[in-house]
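Here the structure comes first, spelled out in structure tokens, and everything after it is commentary.
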Amino acid sequence: MTSGDGSGGRVRGAGPATEDFLAHRNLLFTVAYEMLGSAADADDVLQETWMRWAGVDLAEVRDRRAYLVRITTRQALTRLRTLGRRKESYVGSWLPEPLLTSPDVAEDVELADSVSMAMMLVMETLAPTERAVFVLREVFDVGYDEIAEAVGRSPSAVRQIAHRARAHVAARRPRGDGSPERTRDALDAFRRAVETGDLQGLLDVLAPDVVLLGDGGGIKQAVLRPVVGADKVARLLEGGLRKVPAEVTLRPALVNGGPALVLHLDGELDSVLAVRVDDGLVTGLYAVRNPEKLSHMDRETVLRR
């Protein structure tokens, strides 16, 4: 039931419950993904949402969209607490599961910012209920009463949680990206420097305080701790690809609404490198090599608010 082309709308022969679910499926996936940082877990949440939705008496539902969001939020909260325990034993840095996204996601500045690797990592520092409240209020503009129903708190408590979460995120929120043209130029310069092993070219495009995070999940080799500073990051990248005994290709892509490079070795997908650009310089690099996190990179994922 959670599969499909993401188009929503009417389905021949489908009942009202199915039509409602499919009409809001992309929104529900986006809510679950922003709460969990995992597309695989978001898919599971949608399956659980459908199972519960299929048993609802629709005649008793005043706002079907809000009801579906409420179910999804509750299921995602339960799974988020389980994920927290799983991440405690994770090998190396944990990064969100990258999604290949369409240009319309990048054009929605607020949505693109909320699903960016940098912002998703900031949201990782929130407690589960804080994250749910922040996502529903700040990204999807859900009313406090509806959020209270979804998270099992009073509206006044939700307002306090929202205020606390907003302040927490504001203190850690990444800087602005700058113009799309400067971002594109920086990505092109970075890609050329990596492909040619141009150390000076890398130093020219990396911010002095650039941070590189790697996620191999204990399955693939990756840096286990953050690498900080232009010189350290440049030397790591400059020497890394030269040691690979395979044909390396790097292609630009839109991942989580922002710039990225997709790396193939001998034609096989190896890793995704999301790139954070601020004021024309690369400030963040997020390298996901864990193959269990790359299953959604073979197709565009439709995200909606």
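Since this is a predicted model, take the numbers as computed values, not measurements.
The ring-ring contact (aromatic ring centres under 6.0 Å, His included) pairs that include a residue from residues 56-84 are W53-Y67, where partners are two or more places apart or lie in different chains.
For the atom pair L303 CG and S102 OG, the distance stands at 7.5 Å (nearest 0.5 Å). For the atom pair OG1 (T30) and CG (L99), the distance works out to 9.0 Å, reported to the nearest 0.5 Å. Here OG1 of T72 is found 10.5 Å from CZ of R25. Values are rounded to the nearest 0.5 Å. The distance from atom OG of S271 to atom CG of L250, rounded to the nearest 0.5 Å, is 8.0 Å. Interatomic distance, CZ of R64 versus CD of E19, reported as 9.5 Å (0.5 Å rounding). Expressed to the nearest 0.5 Å, how far CZ of F190 lies from CD of E195 amounts to 10.5 Å.
Two residues are said to be in side-chain contact when any heavy atoms from C-beta on lie closer than 4.5 Å; T78 and E48 fail this criterion. Taking the side chain as every heavy atom from C-beta outward, P103 and L254 approach each other to under 4.5 Å. At a threshold of 4.5 Å between non-hydrogen side-chain atoms, the residues E124 and P96 do not count as touching. L263 is not listed as a side-chain neighbour of L273, based on a closest heavy-atom distance of 4.5 Å or more. Counting heavy atoms from C-beta outward, F29 and T301 have side chains that approach closer than 4.5 Å. Considering only heavy atoms from C-beta on, R137 stays 4.5 Å or farther from V158 through its side chain. Under the 4.5 Å side-chain criterion, counting only non-hydrogen atoms from C-beta, E34 is in contact with L111. M35 has its side chain out of reach of R79: every pair of non-hydrogen atoms, C-beta onward, lies at least 4.5 Å apart.
Using a cut-off of 4.0 Å between Lys/Arg side-chain N and Asp/Glu carboxylate O, D113 and R173 are scored as salt-bridged. For the pair R184 and D188, the salt-bridge criterion is not met [side-chain N within less than 4.0 Å of a carboxylate O].
When hydrophobic side chains of Ile, Leu, Val, Met, Phe, Trp and Tyr are connected at separations under 4.5 Å, Y90 ends up clustered with W94. Hydrophobic clustering, defined by side-chain heavy atoms of Ile, Leu, Val, Met, Phe, Trp and Tyr closer than 4.5 Å, groups V255 together with L95, L100, M117, L121, V211, L213, V228, V262, L269, V272, Y286, V288, L294, M297.
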Q. Run the salt bridge (Lys or Arg N to Asp or Glu O under 4.0 Å) check on R304 and D108 step by step: do they pass?
A. CA-CA 10 Å; R304 287 286 182 268; D108 184 340; over 6 Å; no
**Q.** T49 and H24: CA distance, side-chain angles, deciding distance, side-chain contact (heavy atoms from CB on, under 4.5 Å) verdict
**A.** CA-CA 12 Å; T49 298; H24 299 299; over 6 Å; no
Q: Under the side-chain contact (heavy atoms from CB on, under 4.5 Å) rule, what do R74 and R52 come out as? Steps first, then yes or no, please.
A: CA-CA 11 Å; R74 289 175 176 171; R52 282 159 178 76; over 6 Å; no
Q: Please test L265 against V248 for side-chain contact (heavy atoms from CB on, under 4.5 Å), starting from the C-alpha separation and ending with a verdict.
A: CA-CA 5 Å; L265 300 181; V248 179; 3.5 Å; yes
Q: Take K220 and D270, measure what salt bridge (Lys or Arg N to Asp or Glu O under 4.0 Å) needs, and give me the verdict at the end.
A: CA-CA 9 Å; K220 290 286 190 75; D270 177 82; 3.7 Å; yes
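Counting non-hydrogen atoms of neighbouring residues, nucleotides and ligands closer than 6.0 angstrom, the CD atom of E292 reaches no more than 12 such neighbours. The 12-atom threshold is not exceeded at CZ of R225, counting heavy atoms of other residues, nucleotides or ligands nearer than 6.0 Å. Heavy-atom neighbours of R164 CZ from other residues, nucleotides or ligands within 6.0 Å: above the threshold of 12. Annotation for K87: atom NZ counts as buried by contact number, over 12 foreign heavy atoms lying within 6.0 Å.
With hydrogens and angles ignored, the 3.5 Å screen pairs no side-chain donor or acceptor of N290 with any backbone N or O of D215. Listed for the D266 side chain is a donor-acceptor partner under 3.5 Å among the backbone atoms of E247. Between the N256 side chain and the G258 main chain, no donor and acceptor come within less than 3.5 Å of each other.
Closest approach of E146 to A66, counting heavy atoms only: OE1-CB, 3.6 Å. Annotation for S114 and M120: closest pair O-SD, 3.6 Å, computed over non-hydrogen atoms. W50 and A17 get closest at one heavy-atom pair: CZ3-O, 3.8 Å. Scanning both residues, E300 and T101, for their nearest heavy atoms gives OE2-O, 4.1 Å. The heavy-atom pair separating A32 from A76 by the smallest distance is CA-CB, 4.5 Å. Nearest approach of V275 to L187, heavy atoms of both residues: CG2-CD1, 3.8 Å.
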Let me have the donor-acceptor pairs involving side chains of residues 148-156, under 3.5 Å, with sequence neighbours excluded, atom names and distances please.
| from | atom 1 | to | atom 2 | distance (Å) |
| --- | --- | --- | --- | --- |
| S154 | OG | S156 | OG | 3.2 |
| S154 | OG | A157 | N | 3.1 |

For a quick test of your reading: what N or O donor-acceptor pairs under 3.5 Å do the side chains of residues 196-207 make, sequence neighbours left out?
| from | atom 1 | to | atom 2 | distance (Å) |
| --- | --- | --- | --- | --- |
| T196 | OG1 | R192 | O | 2.7 |
| D198 | OD1 | Q200 | N | 3.3 |
| D198 | OD1 | G201 | N | 2.9 |
| Q200 | NE2 | D204 | OD1 | 2.8 |

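R172 and H168 share a donor-acceptor pair across their side chains, judged by distance under 3.5 Å alone.
In this structure F140 satisfies the ring pair (Phe, Tyr, Trp, His ring centres under 6.0 Å) test with no other residue, sequence neighbours excluded.
Note on L281: it does not cluster hydrophobically with V210, by side-chain heavy-atom contacts below 4.5 Å among ILVMFWY residues. At a threshold of 4.5 Å between side-chain heavy atoms, the hydrophobic network of Ile, Leu, Val, Met, Phe, Trp and Tyr places V139 and V109 in two separate groups. If you chain together hydrophobic residues whose side chains sit under 4.5 Å apart, L58 and V69 fall into the same group.
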